[in-house]
Amino acid sequence: MTIIYQDQDGRAASSEASGVEIPVRRITFTVNGRKTVAEVEPRLLLSHLIRRGLGLTGTHMGCDTTNCGACTVLVDGRPVKSCTMLAVQADGHEISTVEGLATASELHPLQEGFKEEHGLQCGFCTPGMMMAAKALLDANPDPTEEDVRWALSGNLCRCTGYQNIVKSVLWAAAKLRAESGS
Ligand code: FES
Ligand code: FES
């Protein structure tokens, strides 16, 4: 997949389209396992590349200032607020977004957990919560409530309070353990 992407105001990056010479860098990375090549301005945020360039709008933008965690994705398996990272820094790395959680036919246990335990209301924070939780469960399949709260401490929810979100992650952890027989 090759995309040529534009600046944060949505202007095309090419000098032809904008009338201004804007340098671009070619980067190669994977997104949800798919190799992607993009030409981006050095100032472009990863969050904007993901949402506008790749059309993966499950990654939400709540603040653009590193506060809310709605834009959390995994970079080489580690949770990163994608509004804090430049797109060029993704060069050579693996990016995972919420769209990569479910298969064509099945929800991921985290998605099931949020449904079962009523872990969302408006859903705005949910993709970021799930990606932060995925990083936790990949590293620690049997977390305590305190572990979950710590892992989600960079993510804000304006609706639910956090009790059901924590329960949702613990539900997913139990299901993943049951599926793996551990
Ligand atoms: Fe990135 Fe809020 S949009 S932390
Ligand atoms: Fe609405 Fe968390 S469910 S912000």
Side-chain angles (χ1 to χ4, degrees), residues 3 5-11 27 29 31-32 36 38 40-91 93-102 107-139 143 145-173 175:
I3 60 166
Y5 194 57
Q6 54 260 90
D7 70 10
Q8 292 171 37
D9 302 320
R11 292 174 301 176
I27 59 173
F29 54 109
V31 180
N32 300 329
T36 304
V40 297
E41 287 184 39
R43 65 176 178 166
L44 184 73
L45 296 177
L46 179 60
S47 51
H48 290 280
L49 175 62
I50 289 170
R51 284 183 55 84
R52 296 186 192 170
L54 302 175
L56 296 172
T57 53
T59 298
H60 290 167
M61 299 292 297
C63 66
D64 237 352
T65 54
T66 326
N67 284 300
C68 72
C71 65
T72 302
V73 299
L74 303 188
V75 179
D76 299 333
R78 298 177 62 187
V80 170
K81 292 175 178 174
S82 59
C83 74
T84 68
M85 183 170 160
L86 295 169
V88 290
Q89 293 175 298
D91 193 24
H93 294 281
E94 289 181 25
I95 309 297
S96 304
T97 71
V98 72
E99 286 88 349
L101 285 181
L107 293 177
H108 187 279
L110 273 166
Q111 294 168 311
E112 285 184 81
F114 274 71
K115 176 169 169 278
E116 293 297 324
E117 297 290 350
H118 308 288
L120 69 150
Q121 287 186 30
C122 79
F124 194 85
C125 70
T126 311
M129 292 284 182
M130 286 183 180
M131 297 316 288
K134 178 154 193 326
L136 169 69
L137 299 186
D138 287 347
E145 178 177 333
E146 191 182 352
D147 293 333
V148 175
R149 288 185 182 276
W150 175 251
L152 300 182
S153 59
N155 293 66
L156 302 180
C157 176
R158 296 164 181 83
C159 298
T160 66
Y162 297 90
Q163 194 63 33
N164 285 2
I165 293 173
V166 172
K167 281 188 198 168
S168 302
V169 176
L170 292 171
W171 189 101
K175 174 145 195 204

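First listed ligand is number 1; within each ligand, the first listed atom is number 1. Bear in mind the structure is a predicted one, so any value in this text is a computation, not a measurement.
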Enumerated ligand 1 atoms positioned under 4.0 Å from heavy atoms of Thr66: 4 (S)

Those atoms of ligand 1 less than 4.0 Å from some heavy atom in Cys68: 2 (Fe), 3 (S), 4 (S)

Pairwise side-chain contact, Cys125 with Arg158, heavy-atom cut-off 4.5 Å (strictly under): no

Contact flag Cys83/atom 1 (Fe) of ligand 1, N/O/S atoms, threshold under 2.8 Å: yes

Protein contact to atom 4 (S) of ligand 1 [nearest heavy atom, distance to 0.1 Å]: Gly69 N, 3.2 Å

Atom 3 (S) of ligand 2: the protein heavy-atom neighbour that sits closest, reported with distance to 0.1 Å: Gln121 N, 3.3 Å

For ligand 1, the portion of Asp64 having any non-hydrogen atom under 4.0 Å away: backbone

Residue among Leu44, Leu56, Val31 satisfying side chain to side chain contact (heavy atoms under 4.5 Å, CB included) with Leu49: Leu44

side-chain contact (heavy atoms from CB on, under 4.5 Å) between Glu117 and Val166, worked out: CA-CA 9 Å; Glu117 297 290 350; Val166 172; over 6 Å; no

Minimum-distance pair of heavy atoms, taken over all atoms of Ala135 and Gly77: CB-O, 3.8 Å

Distance filter under 4.0 Å to Gly123 heavy atoms, resulting ligand 2 atoms: 1 (Fe), 3 (S)

Closest contact, heavy atoms only, Leu156 versus Tyr162: CA-OH, 3.4 Å

From Cys159, Gly161, Cys157, Gly128 - option closest to atom 1 (Fe) of ligand 2 by heavy atom: Cys159

Atoms in ligand 1 with a heavy atom of Gly62 nearer than 4.0 Å: 3 (S)

Closest heavy-atom pair and its distance - Ile95, Ala90: CD1-CB, 4.1 Å

Contact summary for Asn67 and Cys63, nearest pair of heavy atoms: N-SG, 3.2 Å

Under 4.0 Å to a heavy atom of Cys71 - the qualifying atoms of ligand 1, by number: 1 (Fe), 3 (S), 4 (S)

Backbone or side-chain N/O/S of Cys63 under 2.8 Å of atom 1 (Fe) of ligand 1: no

Those atoms of ligand 1 less than 4.0 Å from some heavy atom in Asn67: 4 (S)

Heavy-atom pair with the smallest gap, counting every atom of Ala132 and Thr72: N-CG2, 4.1 Å

